[in-house]
Amino acid sequence: MENQITIREAVTENDVAAFREQLHAYHKRDIFPDSDNEGLESFLRSEYHNHRLKSNGRPQDRCFFLIFHRGGQDIGFAMPVIFTPEDGKCFIREFCVYPEFRGNGTGKACARTLLDWAKEHGAHYAELNYGGHERRRHFWESVGFIENGADEWGESLMLLPPEEDAPIIVELLAAPDDRQLKKLENGFLREIGEAPSTEEKQKQLAHAIQDGKITFFVAKRGYRAVGMCSVSRCFSTFTCTDVGIFDDFYIEPAFRKKGVARKLAQAAQKWSRENALASLTVTCAPCDEEMYQALGFDAHLGRTFAYLR
């Protein structure tokens, strides 16, 4: 069909060269339109950018250079990676329709063609970073994506949720510097209106975990961590033993209303009993009181006041 959009992979020398040229033009035109040439060139020389291009040649979790084609013309490109070990996640690193072909639903048609291609290549869901740009957010929402937290650098993420349900289990955090914990922490901070965690704060948190000052519980759907909570230990002079503080309670928006909150709370409560903590308390806003009471925090201890430096 003349108007059908197809995808071909850039594998020939000419296609790869053309792809890189269009990628450079896209960054200059659409991503860094207000940046000086030095800023753009700095990004193009960066370790991050070079890693994205080099990942095209790796044997596993390869980054694909894809070209959208319609009516005898190349009309755009995409750079997806399908992470098979991560439950078949397709991460869309770049997506572009050339300016002369934009409009009349071409972008949505290219996106749906890309998602069909990803499914045929083993993807079960898709994720992307929209950079906080409202136009991109609205575009991907129109395709079915929803806002879903932030990545380990604090950048906004969107997710096209998996179509199939899968069991979600809760386990103790295995590694203090786990990449997925950093993502969940930044998603949590973003939701409560705080800035992303800095590298220094991430190191401090990892040390606190290693020292046993704080214990994290992670809800996992296969490989993917979709939620978390934590228990901080402290000594109570009232009970003359350790007590626990329940905190860092966060579930990715795409995986809410699936019983994850109850599983996390129950895991933290069970661990607190097994470790002889005299109590497990939570401080919350008035709007969250009913939720925490439903999760088993039903002993009212009055109001909490704090002095903040």
Side-chain angles (χ1 to χ4, degrees), residues 83 85-87 89 125 127 129 146-159 161-162 165-234 244-275 277 280-285 288 291-292 294-297:
F83 293 96
E86 297 187 28
D87 310 321
K89 177 179 75 175
Y125 66 103
E127 188 174 45
N129 181 316
I146 64 174
E147 285 197 83
N148 197 58
D151 63 18
E152 53 264 54
W153 297 281
E155 296 295 329
S156 308
L157 288 173
M158 298 189 78
L159 189 80
D165 285 330
I168 293 177
I169 62 171
V170 175
E171 56 188 45
L172 285 171
L173 179 72
D177 59 348
D178 186 274
R179 177 182 64 85
Q180 296 202 79
L181 175 64
K182 296 175 183 178
K183 286 181 61 177
L184 292 172
E185 277 288 323
N186 279 331
F188 173 61
L189 291 169
R190 178 182 177 82
E191 187 155 291
I192 63 176
E194 297 292 333
S197 182
T198 63
E199 186 175 344
E200 180 61 29
K201 287 184 177 180
Q202 289 174 354
K203 289 180 180 178
Q204 291 171 345
L205 179 60
H207 285 312
I209 296 171
Q210 286 176 327
D211 293 342
K213 296 178 181 178
I214 185 169
T215 299
F216 273 88
F217 304 85
V218 181
K220 303 189 78 171
R221 181 191 185 277
Y223 170 86
R224 185 185 183 93
V226 301
M228 67 174 183
C229 68
S230 68
V231 175
S232 299
R233 300 180 72 127
C234 59
I245 300 172
F246 185 81
D247 202 2
D248 297 297
F249 194 32
Y250 175 74
I251 300 159
E252 289 186 332
F255 299 96
R256 293 174 185 174
K257 298 183 179 180
K258 297 180 182 294
V260 181
R262 186 168 299 280
K263 288 183 178 181
L264 282 166
Q266 288 175 343
Q269 292 159 356
K270 180 175 182 289
W271 181 88
S272 298
R273 290 193 302 270
E274 292 173 346
N275 285 269
L277 300 188
L280 181 64
T281 60
V282 62
T283 300
C284 67
D288 291 329
M291 176 191 71
Y292 281 107
L295 294 175
F297 296 90

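Just so you know, these numbers use all the heavy atoms, side chains as well, and skip hydrogens, waters and symmetry mates.
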Are the side chains of [X] and [Y] in touch, meaning some heavy atoms are under 4.5 Å apart?
X    : Y    : result
F249 : M291 : yes
L277 : R233 : yes
M158 : E127 : no

Main-chain N/O of [Y] paired to [X] side chain as donor or acceptor, under 3.5 Å:
X    : Y    : value
Q269 : L295 : yes
D178 : Q180 : yes
D151 : W153 : yes
N186 : A150 : no
K220 : V170 : no

Minimal non-hydrogen separation, [X] against [Y], with atom names:
X    : Y    : result
P253 : I146 : C-CD1, 4.5 Å
L189 : S197 : CD1-N, 3.6 Å
F255 : V260 : O-CG2, 3.6 Å
A219 : I168 : CB-CG2, 4.0 Å
V231 : A268 : CG2-CB, 3.8 Å
V226 : R221 : CG1-CB, 4.1 Å

Step by step, would you call L172 with T215 a side chain to side chain contact (heavy atoms under 4.5 Å, CB included)? CA-CA 8 Å; L172 285 171; T215 299; 3.5 Å; yes
Indicate the ring-plane relationship of Y292 and F246, choosing parallel, tilted or perpendicular according to the 30° and 60° boundaries.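 Perpendicular.
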I245 and C234: side chain to side chain contact (heavy atoms under 4.5 Å, CB included), yes or no, with the steps? CA-CA 8 Å; I245 300 172; C234 59; 4.1 Å; yes
Return the [atom1] to [atom2] distance between [X] and [Y], rounded to the nearest 0.5 Å.
X    : Y    : atom1 : atom2 : answer
E171 : I169 : CD    : CD1   : 5.0 Å
F188 : E194 : CZ    : CD    : 9.0 Å
L181 : I209 : CG    : CD1   : 5.5 Å
D177 : E152 : CG    : CD    : 12.0 Å
L184 : C229 : CG    : SG    : 11.0 Å

Using the side chain to side chain donor-acceptor pair (under 3.5 Å) criterion, which residues pair with E86? Sequence neighbours excluded.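 In terms of side chain to side chain donor-acceptor pair (under 3.5 Å), with neighbours along the sequence ignored, E86 is linked to K89, R179.
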Just jot down the ring pair (Phe, Tyr, Trp, His ring centres under 6.0 Å) partners of F217, sequence neighbours excluded, or say none.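 Per chain and number, F217 pairs via ring pair (Phe, Tyr, Trp, His ring centres under 6.0 Å) with W271.
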Have R190 and S156 got a donor and an acceptor in their side chains that come within less than 3.5 Å?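 Yes, S156 and R190 have a side-chain donor paired with an acceptor closer than 3.5 Å.
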Side-chain ion pair, K258 and D165, N-O less than 4.0 Å: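 Answer for the salt bridge query: yes.
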Does E185 form a side chain to side chain contact (heavy atoms under 4.5 Å, CB included) with L205? I'd like the steps, not just the answer. CA-CA 10 Å; E185 277 288 323; L205 179 60; 4.2 Å; yes
Just checking E274: does its CD atom have more than 12 heavy atoms from other residues, nucleotides or ligands closer to it than 6.0 angstrom?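 Yes, because the 6.0 Å sphere around CD of E274 holds more than 12 heavy atoms from other groups.
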Of all pairs that satisfy side-chain hydrogen bond (donor to acceptor under 3.5 Å, both in side chains), the ones with a partner from residues 244-256, not counting sequence neighbours: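 Output for this query lists N148-E252, E191-R256, R224-E252, S230-D248.
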